[in-house]
Visitor: 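Pasting in a structure now, in structure tokens, and then I'll have a few things to ask.
Nothing here was measured: the structure is a model prediction, and the numbers come from that model. Atoms within a ligand are numbered from 1 in the order they appear, just like the ligands themselves.
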Amino acid sequence: MGKVALITGITGQDGSYLTEFLLGRGYDVHGIVRRSSVFTTERIDHLYKDRHESGVKLHLHYGDLLDAISLRRIITQVKPDEVYNLAAQSHVRTSFDQPVYTAEVVAIGTLHLLEAIRDYRDSTGHEVRFYQASSSEMYGRVREIPQNEFTPFYPRSPYACAKIHAYWQTVNYREAYDLFACNGILFNHESPRRGETFVTRKITRAATRIKLGLQETVYLGNLDAKRDWGFAGDYVQAMWLMLQQQDPDDYVVATGETYSVREFLTEAFGYLDLDWEQHIKFDPKYLRPTEVQILQGDASKARNLLGWKPSVNMRDLCRMMIDADMKLAERERTLVDAGFVV
Ligand code: NAP
Ligand code: F7E
């Protein structure tokens, strides 16, 4: 029998890459999906088979991190060997508008899940390994560069505060209840599947649409912020590696390089022979009340103990995203030329 994994946040960017990766390793993958009035499974549709077909390895369950009973029911039914907690209200700017909701999902939702796993393990004797999607945002107002597992946290958003709560709950369940629980402290990671309101994807979508005459301008906030941007496909492998070790632990996952939003703009627009300064306008709406000015990770521990290293740098990541978004823009252009409103 292959292993069984349960993923919260399976419909998100990371959920889709992790699902691909685990299916490729022979896992049965179960994912928790929130009920919505529209389909939200676009990122995993290419992996999904109708449950009436034979050899189905991907299974979806309705549930929500806010609904503890649904989590307990799904865990009892699925009997997972590994649980990856990727679900979150993950947008930092939005967390200032919805701080309580963000804390409920990110902090209390994680606690619901840990409690469900603890009770399931204690009542069945079945070991469940747990991965928590922690974030470089927890470092916030950094005083040392680069940041590693010993760098103190100084959160700068409701999102980061909630992630720190979940981080320490994960550590405490490991120490108090002997749960195999790990935090991956992942620095920003992007891909063609990145949500369109995060800055890299916002830029690559806009640059390709501008190139094809579908829009003229894009509004952005702070161009001076610096981030350590890697490729999501690389980062999900680190999540899995953490759960395959002898002992549970916490790891930074990062490229070690940092670039400003302005440098990402230059790379993206330059690749398309465009001058970004002709197309970018400032909108204070995109500023945060408190900003994280710079993040740069030191992933030496992951490299030495997990044997993990990134395979895509910022330039190649940016080009990968532009190439994928150009295909979307070309489709839109065709529709517009045929008289459709997009
Ligand atoms: P994402 O694309 O925003 O995906 C978030 C996922 O969580 C979606 O599947 C979403 O479902 C689900 N979700 C939201 N609220 C939920 C709830 N109440 N119950 C159940 N599911 C819920 O995020 P991502 O970029 O893949 O990131 C994955 C995780 O890593 C997140 O926890 C994020 O905070 C963390 N993280 C991300 C980065 C990064 O750079 N990407 C870095 C460090 C940490 P819908 O599809 O229905 O919205
Ligand atoms: O912003 C600046 C903005 O929203 C990056 C999440 O996955 O990574 C992500 O959080 C920077 C910030 O990502 C716009 O002020 C300028 O300094 O793409 P972002 P984030 O806030 O770093 C961490 C690790 C996570 O854990 C989170 O879940 O770009 N910026 N102008 C802008 N940002 C956005 N979104 N939109 C703008 O127009």
Visitor: I'd like to check whether Leu65 has a polar contact with ligand 1, where a contact means an N/O of the residue lying under 3.5 Å from an N/O of the ligand.
Guide: yes
Visitor: Name the option, out of Gly184, Ser90, Gly31, that contains the heavy atom nearest to atom 23 (O) of ligand 1.
Guide: Ser90
Visitor: List every atom of ligand 1 that sits less than 4.0 Å from any heavy atom of Ser134, numbering the atoms from 1 in the order shown and giving each element.
Guide: 43 (C), 44 (C)
Visitor: Can we call the ring centroids of His91 and Phe198 under 6.0 Å apart?
Guide: yes
Visitor: Is the centre of the Phe130 ring less than 6.0 Å from the centre of the Tyr84 ring?
Guide: no
Visitor: Ion pair present between Arg93 and Glu291, side-chain N to carboxylate O less than 4.0 angstrom?
Guide: no
Visitor: Check whether the ring centres of Trp229 and Phe264 lie less than 6.0 Å apart, and answer yes or no.
Guide: yes
Visitor: Has ligand 1 got any nitrogen or oxygen that is less than 3.5 angstrom from a nitrogen or oxygen of Ser135?
Guide: no
Visitor: So, applying salt bridge (Lys or Arg N to Asp or Glu O under 4.0 Å) with Asp325, which one of Arg193, Arg201, Lys202 is it?
Guide: Arg201
Visitor: Within a distance under 4.0 Å of any heavy atom of Gln13, pick out the atoms of ligand 1 and give their elements.
Guide: 2 (O), 25 (O), 26 (O), 41 (N)
Visitor: Looking at every non-hydrogen atom in both residues, tell me the closest pair between Ser70 and Gly63 and how far apart they are.
Guide: OG-CA, 3.7 Å
Visitor: Please give me the minimum heavy-atom distance between His112 and Ala68, naming the atom from each residue.
Guide: ND1-CB, 3.5 Å
Visitor: When you compare ligand 1 with Leu86, is there at least one nitrogen or oxygen pair between them that comes in under 3.5 angstrom?
Guide: yes
Visitor: Below 4.0 Å, non-hydrogen atoms only: which portion of Val105 touches ligand 1? Side chain, backbone, both or neither.
Guide: side chain
Visitor: Among protein heavy atoms, which sits nearest to atom 46 (O) of ligand 1, and what does the distance come to when rounded to 0.1 Å?
Guide: Thr11 OG1, 2.6 Å
Visitor: Do Arg303 and Trp308 form a cation-pi contact, if we require the NZ or CZ to be under 6.0 Å from the six-membered ring centre and within 45 degrees of the ring's axis?
Guide: no
Visitor: If the threshold is 4.0 Å, N to carboxylate O, is there a salt bridge linking Asp28 and Lys3?
Guide: no
Visitor: Surrounding CD of Gln245 (heavy atoms of other residues, nucleotides or ligands, distance under 6.0 Å), is the total greater than 12?
Guide: yes
Visitor: With a cut-off of 4.0 Å, which atoms of ligand 1 are near a heavy atom of Tyr159?
Guide: 33 (C), 34 (O), 35 (C), 36 (N), 44 (C)
Visitor: Do me a favour and list the nearest non-hydrogen protein atom to atom 4 (O) of ligand 1 with residue, atom name and distance?
Guide: Gly12 CA, 3.4 Å
Visitor: Is Glu196 salt-bridged to Arg205, going by a charged N under 4.0 Å from an acidic O?
Guide: yes
Visitor: So, is the end of the Arg118 side chain (NZ or CZ) under 6.0 Å from the ring centre of Tyr177 and within 45° of the ring's axis?
Guide: yes
Visitor: Give the atoms of ligand 1, by number and element, whose distance to some non-hydrogen atom of Asn188 is under 4.0 Å.
Guide: 40 (O)
Visitor: Take Asn222 and Tyr286 through the test side-chain contact (heavy atoms from CB on, under 4.5 Å) and record every step on the way to the result.
Guide: CA-CA 7 Å; Asn222 178 13; Tyr286 297 112; over 6 Å; no
Visitor: Is Tyr251 reachable from Phe231 through a run of hydrophobic residues whose side-chain heavy atoms are each under 4.5 Å from the next?
Guide: yes
Visitor: Hey, does Gln89 come in under 3.5 Å of ligand 1, counting only N/O atoms on both sides?
Guide: no
Visitor: For ligand 2, would you mind listing the residues that have at least one heavy atom less than 4.0 Å away, ordered by chain and number?
Guide: Ser90, His91, Val92, Ser135, Ser136, Glu137, Tyr159, Asn188, Arg194, Thr197, Phe198, Val199, Lys202, Tyr219, Leu220, Gly221, Asn222, Ala225, Arg227, Val261, Tyr286, Arg288, Glu291
Visitor: Between Tyr235 and Phe21, is the gap from one ring center to the other below 6.0 Å?
Guide: no
Visitor: Which residue holds the protein heavy atom closest to atom 17 (C) of ligand 1, what is that atom called, and what is the gap in Å?
Guide: Asp64 OD1, 3.4 Å
Visitor: Using a strict 4.0 Å cut-off to heavy atoms of Gly9, name the atoms of ligand 1 that fall inside it.
Guide: 6 (C), 7 (O), 9 (O), 12 (C)
Visitor: May I ask you to identify the nearest protein heavy atom to atom 30 (O) of ligand 1, giving residue, atom name and distance to one decimal place in Å?
Guide: Ala133 CB, 3.4 Å
Visitor: Nearest protein heavy atom to atom 27 (O) of ligand 1, by residue and atom, and its distance?
Guide: Asp14 OD2, 3.7 Å
Visitor: Looking only at non-hydrogen atoms, which of Ala88, Ala87, Ala254, Ala160 approaches atom 14 (C) of ligand 1 most closely?
Guide: Ala88
Visitor: I want to check a possible cation-pi pair here: Arg288 against Phe96, using under 6.0 Å from ring centre and within 45° of the ring axis as the test.
Guide: no
Visitor: Quick test: of every protein heavy atom, which one is nearest to atom 48 (O) of ligand 1, and how far off is it to 0.1 Å?
Guide: Arg34 NH2, 2.8 Å
Visitor: Nearest protein heavy atom to atom 39 (C) of ligand 1, by residue and atom, and its distance?
Guide: His189 CE1, 3.3 Å
Visitor: Does Phe198 come within less than 4.0 angstrom of ligand 1, counting non-hydrogen atoms of the residue?
Guide: no
Visitor: Looking only at protein heavy atoms, which one is nearest to atom 25 (O) of ligand 1, and how far off is it?
Guide: Arg194 NH1, 3.3 Å
Visitor: Would you call Arg262 and Asp224 a salt bridge, taking side-chain N to carboxylate O under 4.0 Å as the test?
Guide: yes
Visitor: Examine ligand 1 and decide if any of its atoms is less than 4.0 Å from a heavy atom belonging to Lys163.
Guide: yes
